[in-house]
Amino acid sequence: MDPIRTDIRKLQSNGIAVVAYEGLGHPDVIPLWFGETDLVTPPFIRDAAKEALDGGRTFYVHGRGIAPLREALADFHERMLGVTLDLERITVPGAAMLSVVTALQCTVEKGDNVVIVSPIWPNIFQAAEIAGASVKFVSLTADWKSAPPRWTLDLDRLFSACDARTKAIFISSPGNPTGWTMSRDEQKAVLAFARRRGIAIISDEVYGTLVFDASKHAPSFLEIAEPDDAVFVINSFSKPWAMTGWRIGWLVHPKSLDEPMSVMSVANNTGATTFAQYGALAALSAKGDAFLETMKERCTRGRDIVQQFIGRQNRIRWVPPTGAFYGFLHVDGMQNSVDFALHLVRKARVGVAPGSAFGAARDPLNESCIRICFAQDPARLEEGLARIENALSTI
Ligand SMILES: Cc1ncc(COP(=O)(O)O)c(C=O)c1O
């Protein structure tokens, strides 16, 4: 008898990885496929981590994060959202991805399901499947008729997708890959429904500060949830402070999970890397707040460049994102996004993520899209887009 779970044996690399493995490490490929800026982590953050290393901070620390970091995170929420959080609700288990895993461990067992608003970053639903849950996607709709086009979420469809085995609703807002931002009214409706039905909300807010309006932060479930609602908010240092390789993020969870969270954080990873936590602490300083503006400017410039590019195309359109740093580009006539992305990397030397990776197999919306990350050097981004345009003229 095979001791390995059959669902584990069946796991397959997602489409982003399949395409990226074709061109990773080739300097002539312009990489727009991953969710990261090309900016290196700012020096004041790197210096803080170096100082921690040189000061011998190489030992185990509190499994939920060093006290000054959790305190600084509480201050950050106060500054960004005007929300006061008890420290018992904040855990730094490692990367945001580990926060996703932890929230799923808290909620689902084999046979349960998670309802996910899609298109969605594939690692999320793969983590749900690894946790033993089945996944139900509720897809956003692109309203091309509105000016500008916008994403809409049909709440009735979301609610009717939930059944007796639904343990969590997963929402990524601002979303990867769409840049869709959930409104406060939608959040209130989802919270009321989830409370009524005893379903947890896992709200992935890793792009919360990357919004294209004057606000400091996209609407957050933390602004409307009570401390003991079954609401988990995922957040990360990766995106706003250009720290993807550091593998550090945080989780805000129900207050009643104070002690279980200590156990889970230790059991999963014994907390985040110690010296990385000192870098993260520096990110939460005044200099870090200023860097958030730098990132926002880079993303705004990138978004404008893509918008201008789209204006010149007759086969590509998009719903302009209201947050995050992705363009989910709809390519008319494209039927297989993996083939198209492979063609782009092999022939045009530009790396994009195939839309089909972002939800249910054969979802026609996703299959007709590619995702690019525009938090890039403007000249490189322009060149990458020009390569996509040239490739399109040949197929
Ligand atoms: C929606 C979403 N959640 C979570 C993550 C993971 O962040 P981290 O790098 O901290 O694991 C990503 C990274 O792309 C993401 O797009």
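Order of listing sets the numbers, starting from 1, for every ligand and every atom in it.
- If you number the atoms of ligand 1 from 1 as listed, the ones under 4.0 Å from a heavy atom of Arg247 come out as 8 (P), 9 (O), 11 (O).
- Counted by atom type alone, Thr41 and Trp246 present one or more donor-acceptor pairs between their side chains at under 3.5 Å.
- A distance-only check finds a donor-acceptor pair linking the side chain of Lys216 to the backbone of Arg79 [under 3.5 Å].
- Residues Asn366 and Ser356 have side chains that never bring a donor and an acceptor to within less than 3.5 angstrom of each other.
- Taking a cut-off of under 4.0 Å to the non-hydrogen atoms of Ser172, the atoms of ligand 1 that pass are 1 (C).
- Of the N and O atoms on the side chains of Asn390 and Ser393, not one donor lies less than 3.5 Å from an acceptor on the other residue.
- In terms of protein heavy-atom proximity, atom 1 (C) of ligand 1 is nearest to Asp204 OD2, 3.3 Å.
- With respect to atom 12 (C) of ligand 1, the closest heavy atom belonging to the protein is Trp121 CZ3, 3.4 Å.
- Of all protein heavy atoms, the one lying nearest to atom 10 (O) of ligand 1 is Ser236 OG, 2.6 Å.
- Ligand 1 places these atoms under 4.0 Å from at least one heavy atom of Ser238: 8 (P), 9 (O), 10 (O).
- Within ligand 1, the atoms closer than 4.0 Å to a non-hydrogen atom of Lys239 are 12 (C), 13 (C), 14 (O), numbered from 1 in the order shown.
- A donor-acceptor contact closer than 3.5 angstrom is absent between the side chains of Asp185 and Ser183.
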